[in-house]
Amino acid sequence: MNRSSFIESFELDGKRLDYVSLERIAERVPALRRAPLSIRLVFENIGRQIHDGLADESALRSAARWFESRGAEPLEISFRPNRLLLQEASGIPMLGDMASMRDAAVELGLELSAVNPEIPIDFVVDHTLAVDNAGCPSAAADNLRNDLARNAERYRFLRWAESAFSKIRLFPPGSGICHQINLEFLSSVVDVRHQADGSALLVADSVVGMDSHTPMVNSLGVLGWGIGGLEGCAVALGEPISLLLPKVYAIELTGARRPEVTATDIVLTITERLRRYALQGQFVEYIGEGLSGLALADRATIANMTPENGATLGLFPIDEATLAYLRDTNRSKAALACIEEYWKRQGLWASKSQSRDYYTEVITVDLSEIEPSVAGPSRPHQRIALHRAAQTFLPEPPEQAPSKAADDAGASALQDGDIVIAAITSCTNTANPSLIIGAALLARKARELGIAPPRRVKTSLSLGSRAVENYLRAAGLIEDLEALGFHNTGFGCMTCMGNSGSLSAEILEALPDVKAVAVLSGNRNFEGRIFPQIKHNLLCSPPLVVAYAIAGNVRKDLSREPIAHTAAGRAVHLHDLWPAKQTVEEFVARFVRPAEFARAYQGGAAAVEYWKAIDYPPGEQWAWDPASTFIRRPPFLDGLNAAMPALRDGQPARILAIFGDMLTTDHISPIGAISENTPADRYLQSLNIRRSDYVNYAARRLNHDVMVRGTFANVQIVNEMLGGEKGGLSIVYPEGSRMSIFDAAETYKARGVPLVIFAGREYGAGSSRDWAAKGTLLLGVKAVIAESFERIHRSNLVCMGVLPLQLAEGVTKNSLGLKGDETVELEGLDALDAPRGMIGCTIRYRDGSAKRLRLQARLDTLSELAYQQAGGILKYALKRKLVAAQGAG
């Protein structure tokens with residue numbers, strides 16, 4: 001096939017622009033003309049690979065057969081994203097892996113340049129900034145200063161990596177949240193590539209990010225999703241992403257929302273609905289007449305929470321609303337003209353006549369039926385209508401009802417349901433102009449009435465973008481938020497991902513005996529995520545965060561009861577404070593302007609003085625310091641040429657833990673505070689490190705000795721081997737000794753006993769946290785046996801060489817009657833030679849009985865099978881580099 005046979009051209013402003021034509025590809029795969037938008041974008045990527053000589057026409061022949069059979073047989077494809085998006089929680093460990101790969105490359109006789117990014121990387125430092133100070137004008141500056149001090153060693157490493165590796169553009173701490181920067185600044189929607197012959201090739205923008213909320217960019221029509229850090233490392237080094245062509249579900253939006261309904265209410269409703277479907281690994285697209293009533297920022301709020309409904313991506317079509325947003329965020333006229341022309345020529349522009357032939361199912365959501373909502377206490381899909389929240393969020397009545405006197409008394413009078421954290425936080429909501437301006441206008445009205453949150457409530461405003469602060473200041477609204485204690489605490493994830501800072505000593509003392517609550521405009525509310533000792537977390541829109549902060553207790557029915565009383569005794573209700581929809585829209589139209597975004601991104605990657613002043617060592621290899629407790633050489637490439645220490649057929653393994661449904665990566669690998677009397681705490685104490693200098697698990701992700709001790713160490717985790725007891729505990733058999741999971745793993749390791757874990761449905765939900773898999777491997781766990789897996793964590797397990805095994809339909813961990821004292825033997829491991837192969841399993845019970853069952857190895861593609869056989873994706877990628885170098889020689 002002629003590699004240029006897919007190319008068509010058009011002229012714009014006197015310039016010839018080439019592109020890989022989907023119509024030309026459809027001549028080989030006719031069904032593509034009726035395929036969902038996301039699938040057509042995947043095939044644009046495949047056509048481009050064929051054009052570049054990285055794939056051949058067999059990929060299209062296989063695709064044609066797949067369409068003919070309506071996906072009866074899985075179709076494995078390779079996808080090559082245009083760029084990679086990183087944040088430091090996953091990005092620093094990835095760069096540590098790449099630095100260790102350079103060390104290994106030298107040992108193998110490779111050039112250091114062999115270990116270098118092959119695609120552009122945008123690295124945004126947004127996960128370490130914490131709400132140490134809040135409720136004061138200096139909060140943002142204080143928190144940034146603390147961040148730079150506590151992470152000095154990590155940032156020195158980052159400055160080195162920025163210099164030593166190519167194609168990395170870095171946004172230092174305080175720049176904003178990666179997803180919002182991606183939406184406002186990084187995403188081109190259509191890339192222009194300059195080819196060797198001097199011509200320009202247009203390609204559809206695509207991105208994968210090492211954060212599960214990367215699908216926020218789907219609101220722009222950009223194909224993008226979250227991957228784990230291990231897969232991200234391979235992608236950076238030029239490896240394609242291997243995936244099975246997914247099913248596509250359409251969410252048809254109908255009707256028009258009521259004036260009081262926010263984008264947050266819509267996304268909580270959609271999340272609740274979609275969690276009823278098995279969307280792991282599948283695509284979602286939004287269609288229908290209801291799209292016309294959603295601004296791009298509302299679409300971004302919905303797309304951002306795609307991982308909360310389990311899907312890989314949640315794509316919106318490009319239309320006039322898309323262009324309006326791009327115009328408002330300071331994209332050029334030339335770029336807008338190119339985007340519109342390209343998308344229309346490719347047949348990708350939003351259309352009412354979009355074919356539904358290849359949607360697996362069309363799910364209708366009537367926007368007119370959606371009502372104001374919150375979600376909690378511990379999962380985003382636990383939606384509660386606002387008028388029912390007071391009765392259902394904490395159903396058990398308190399011993400005595402909270403009173404005004406108790407509200408004023410502070411922490412010593414803390415009651416069940418009292419709010420101690422109220423945070424306007426995360427990219428999901430804070431960068432939606434209607435939501436953040438709505439919150440500010442509500443605060444303005446409260447300020448006028450002289451009402452404010454009780455003193456015990458830690459209030460904070462953490463913005464996802466400097467542009468947001470720019471237009472809030474231009475509108476004169478920032479002062480209204482500050483008057484209620486919502487001072488800007490910094491530009492980063494902050495409370496949303498657990499960096500909520502500390503609470504007063506009085507509140508900390510009261511927490512064990514009180515069901516205190518955190519209220520936030522974030523996207524996740526898992527137990528212990530927001531604050532280790534707070535298990536009740538309420539997700540809601542930014543205006544409702546302000547309203548709940550004033551109310552002070554979630555048992556107040558904000559739909560009917562007064563939120564507060566003025567000094568004169570007047571009752572103030574929510575409807576007295578809620579801003580009119582027209583007023584919000586007027587503020588958005590007047591103050592959300594291109595100039596505010598231009599100022600936010602002046603100079604591109606924010607080359608600020610405090611970042612440039614950080615000293616770092618020269619050279620292309622990092623000089624590892626054995627005494628460092630932050631930056632340690634990762635052990636994952638040790639013994640590169642040794643055979644993989646795999647579990648042998650029939651070898652008895654012990655059970656390290658049994659977990660319930662939807663165990664999250666926050667439970668497996670906490671990112672927040674390192675709690676007292678945990679293995680990580682005892683380890684750091686042994687090194688004479690003060691607890692005040694621990695920072696958190698996120699900061700020590702490049703120290704495997706800390707992180708392996710933190711694996712399964714969440715204070716809220718429940719290992720069913722110990723009944724309902726919380727904390728990272730296990731029991732060592734046959735003697736029955738009770739100890740921490742880490743100590744149990746070390747005991748078994750000393751005996752040479754391999755380990756397995758059993759779990760329920762949706763194992764590994766939540767963040768794309770590579771250490772949830774790395775720590776599992778280092779504990780000596782060879783296989784995780786679960787009823788089902790969330791996509792990214794399953795991939796991370798595969799990439800580390802830990803085998804994900806799925807129980808057959810109808811078989812559950814409960815039906816197996818497991819207590820934890822059994823032994824487990826796996827058979828047929830050596831015979832795994834195809835994706836999703838079956839292996840045997842024998843469970844031997846303590847009474848001498850046994851059960852035999854068949855498990856499916858969730859190695860879903862040939863590439864994943866290869867990663868397992870190589871001992872993990874890092875070893876696989878480096879060995880590929882070695883083979884390529886030998887071939888070139």
Side-chain angles (χ1 to χ4, degrees), residues 131 133-140 259-260 262 264 372 386 404 407-408 410 418-425 429-463 468-490 495 519-521 538 540-554 556 558-559 561-592:
V131 189
N133 292 331
C136 62
S138 65
E260 71 275 17
T262 68
T264 309
L386 181 63
K404 186 174 185 295
D407 279 349
D408 292 341
D418 275 351
I419 296 164
V420 295
I421 292 175
I424 301 175
T425 181
N429 290 294
T430 61
N432 183 317
S434 296
L435 292 175
I436 197 69
I437 287 174
L441 289 171
L442 190 148
R444 171 171 288 185
K445 188 64 176 178
R447 180 187 183 188
E448 291 171 355
L449 294 171
I451 58 174
R455 293 194 309 274
R456 70 164 180 277
V457 182
K458 183 174 183 177
T459 51
S460 61
L461 171 69
S462 305
L463 300 173
V468 181
E469 186 185 49
N470 289 348
Y471 61 69
L472 284 176
R473 288 201 182 281
L477 292 171
I478 201 82
E479 296 85 355
D480 298 300
L481 288 163
E482 290 174 347
L484 272 65
F486 287 95
H487 294 75
N488 183 20
T489 55
T495 299
V519 177
L520 67 154
S521 62
L538 193 69
C540 58
S541 67
L544 281 180
V545 170
V546 179
Y548 267 114
I550 297 169
N553 190 287
V554 295
K556 288 186 180 180
L558 299 195
S559 69
E561 296 179 48
I563 291 177
H565 291 78
T566 66
R570 173 191 163 190
V572 180
H573 291 78
L574 182 62
H575 61 77
D576 297 321
L577 303 177
W578 199 265
K581 184 173 182 287
Q582 182 179 350
T583 304
V584 174
E585 290 173 347
E586 288 172 356
F587 268 83
V588 172
R590 285 179 60 195
F591 297 106
V592 182

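The shortest heavy-atom contact between Ala443 and Asp480 is CB-O, 3.6 Å. Scanning both residues, Pro579 and Gly438, for their nearest heavy atoms gives CG-O, 3.6 Å. Between Ala549 and Ala422 the shortest heavy-atom distance is CB-CB, 3.6 Å. Nearest heavy-atom pair, Trp578 versus Ser541, reported as atom, atom and distance to 0.1 Å: CH2-OG, 4.4 Å. The two residues Cys540 and Thr264 have their closest heavy-atom pair at C-CG2, 3.7 Å.
Between Glu482 and Pro137, every side-chain heavy-atom pair lies at or beyond the 4.5 Å cut-off. A heavy-atom distance below 4.5 Å is found between the side chains of Arg447 and Glu479. Annotation: side chain of Tyr471 is in contact with side chain of Ile436 (closest heavy-atom distance under 4.5 Å). When side chains are defined from C-beta on, His487 does not count as touching Cys136, because their heavy atoms never get closer than 4.5 Å. In this structure the side chain of Ile424 never reaches within 4.5 angstrom of the side chain of Leu435, judged on heavy atoms. Ile437 has its side chain out of reach of Phe591: every pair of non-hydrogen atoms, C-beta onward, lies at least 4.5 Å apart. Contact check for Thr430 versus Ser521: side-chain heavy atoms found under the 4.5 Å cut-off. Contact annotation: the side chain of Lys458 never approaches that of Thr495 to less than 4.5 Å [non-hydrogen atoms, C-beta and beyond].
A search for side chain to side chain contact (heavy atoms under 4.5 Å, CB included) contacts involving Glu448 returns Arg444, Lys445, not counting sequence neighbours. Applying the side-chain hydrogen bond (donor to acceptor under 3.5 Å, both in side chains) test to Asn470 and every residue at least two apart in sequence or in another chain returns nothing. Partners of Ser462 according to the side-chain hydrogen bond (donor to acceptor under 3.5 Å, both in side chains) rule, which considers only residues two or more places apart in sequence or in another chain, are Thr489.
Val519 pairs in a side-chain contact (heavy atoms from CB on, under 4.5 Å) with only one of the listed residues (Val457, Leu544, Val554), which is Val554.
Between atom CG of residue Leu577 and atom CD1 of residue Ile563 there is a gap of 5.0 Å, rounded to the nearest 0.5 Å. One distance of note links CD1 of Ile421 with OG of Ser460; it measures 8.0 Å at 0.5 Å rounding. How far CG of Leu472 is from CG of Asn488: 9.0 Å, rounded to the nearest 0.5 Å. Rounding to the nearest 0.5 Å gives a distance of 11.5 Å between CD1 of Ile419 and OG1 of Thr459. With rounding to the nearest 0.5 Å, the separation of CD1 in Ile550 from CG in Leu442 is 6.0 Å. Interatomic distance, OG1 of Thr262 versus CG of Asn432, reported as 8.5 Å (0.5 Å rounding).
The residues Arg590 and Glu586 are annotated as not salt-bridged, no charged nitrogen and carboxylate oxygen being separated by less than 4.0 angstrom.
A donor-acceptor pair under 3.5 Å links the side-chain atoms of Asp576 to the main chain of His573, judged by distance alone.
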